[in-house]
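One structure below.
Throughout, numbering of the chain's residues begins at 1 and tracks the sequence. Note that these values count all heavy atoms, side chains included, but never hydrogens, waters or copies made by symmetry.
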Amino acid sequence: MALRAALLRHVRIPAQTLNPALTLTGGKWGPPSLRWMSSHDDHLTKSEVTERVLSVVKSFPKVDPSTVTSDVHFQKDLGLDSLDNVEIVMALEEEFKLEIPDKEADKIDSTNLAIEYIYNHPMAGSVCALLR
């Protein structure tokens with residue numbers, strides 16, 4: 001700790017005052033963007049999320065791909081059981097490189113809920129598509 005304090009006394013780093021209006025808008029004049037607090041400017045569009053969610057569900061072994069739509073219920077419409085539901089959510093986590101908490105994962109029982117959850121997730125950016 002003493003070494004750190006001694007070092008900090010001798011190291012000088014120039015400070016620069018930033019204009020908050022410029023900082024919040026990425027260097028452009030104008031009101032701050034709504035997503036200025038987000039670290040992801042490359043958020044997926046809803047159609048991209050929908051396409052990828054439907055692809056994951058269609059590729060599930062127990063599912064007939066022709067029955068999958070953007071509002072299909074996993075158990076009622078596809079005849080899957082609760083374990084299948086968990087496996088689909090896990091496949092979605094892997095597809096989008098997300099970690100879905102158990103309480104939230106239990107609520108995802110349809111493609112529509114999966115699409116909404118992933119679309120609204122702050123870490124679901126198109127950078128995830130590059131990591132696949």
Worksheet entry | Partners meeting side chain to side chain donor-acceptor pair (under 3.5 Å) with S47 (sequence neighbours left out) | T45
Discussion item. Using 0.5 Å steps for rounding, measure from the CD1 atom of I118 to the CG atom of L98.
Written reply: 6.0 Å
Item to complete: Any chance you could lay out the side chain to side chain contact (heavy atoms under 4.5 Å, CB included) test for H73 and D109, step after step, and finish with the verdict?
Response: CA-CA 6 Å; H73 191 276; D109 59 1; 3.1 Å; yes
Worksheet item: How long is the gap from CD1 on I88 to CD on E95, to the nearest 0.5 Å?
Response: 13.0 Å
Worksheet item: According to the salt bridge (charged side-chain N to carboxylate O under 4.0 Å, His left out) rule, which pairs have a member within residues 69-87, sequence neighbours left out?
Response: K62-D84
Response to the item:
Contacts of E116 meeting side chain to side chain contact (heavy atoms under 4.5 Å, CB included) (sequence neighbours excluded), chain-then-number -> K46, N112, N120
Response to the item:
Sorted by chain and residue number, the side chain to side chain contact (heavy atoms under 4.5 Å, CB included) partners of D106 (sequence neighbours excluded) come out as none
Practice prompt. Could you pull out the closest heavy-atom pair between V89 and A105, with the gap in Å?
Written response: CG1-CB, 3.7 Å
Fill in: side chain to side chain contact (heavy atoms under 4.5 Å, CB included) involving S82 - partner list, sequence neighbours excluded
Q75
Worksheet item: Taking only residues two or more places apart in sequence, or in another chain, which ones meet Y119 in a ring pair (Phe, Tyr, Trp, His ring centres under 6.0 Å)?
Response: H43
Response to the item:
On a heavy-atom basis, the closest approach of A114 and L92 is CB-CD1, 3.7 Å
Response to the item:
When rounded to the nearest 0.5 Å, the distance separating CD of E94 from CD of E99 is 13.0 Å
Worksheet item: Which atoms form the tightest heavy-atom contact between I108 and F74, and what is the distance?
Response: O-CE1, 4.0 Å
Worksheet item: Got a sec, which hydrophobics cluster with L83, joining ILVMFWY side chains under 4.5 Å apart, including via others?
Response: none
Practice prompt. Quick one: closest heavy-atom pair of T111 and T69, and the distance?
Written response: OG1-O, 2.9 Å
Worksheet item: How many angstroms lie between CZ in R52 and CD in E48, if you round to the nearest 0.5 Å?
Response: 8.0 Å
Worksheet item: Who else is in M90's hydrophobic cluster (ILVMFWY, side-chain heavy atoms under 4.5 Å, direct or via others)?
Response: V86
Response to the item:
Sequence neighbours excluded, the answer for side chain to side chain donor-acceptor pair (under 3.5 Å) partners of D102 is none
Discussion item. Quick check: is V49 connected to M123 through a chain of hydrophobic side chains (ILVMFWY, heavy atoms under 4.5 Å apart)?
Written reply: yes
Worksheet item: Would you say F60 and L54 are hydrophobically clustered, going by side-chain heavy atoms of ILVMFWY under 4.5 Å?
Response: yes
Worksheet item: Which pair of heavy atoms, one from T67 and one from V63, lies closest together, and at what distance?
Response: OG1-CG1, 4.5 Å
Worksheet item: In Å, rounded to the nearest 0.5 Å, how long is the span from CD of E104 to OH of Y117?
Response: 5.0 Å
Worksheet entry | side chain to side chain contact (heavy atoms under 4.5 Å, CB included) partners of P61, counting only residues at least two apart | none
Worksheet item: Are the side chain of S59 and the backbone of S55 linked by a donor-acceptor contact shorter than 3.5 Å?
Response: yes
Response to the item:
Residues at least two apart in sequence or cross-chain that pass side chain to side chain donor-acceptor pair (under 3.5 Å) with N85, listed by chain then number, are none
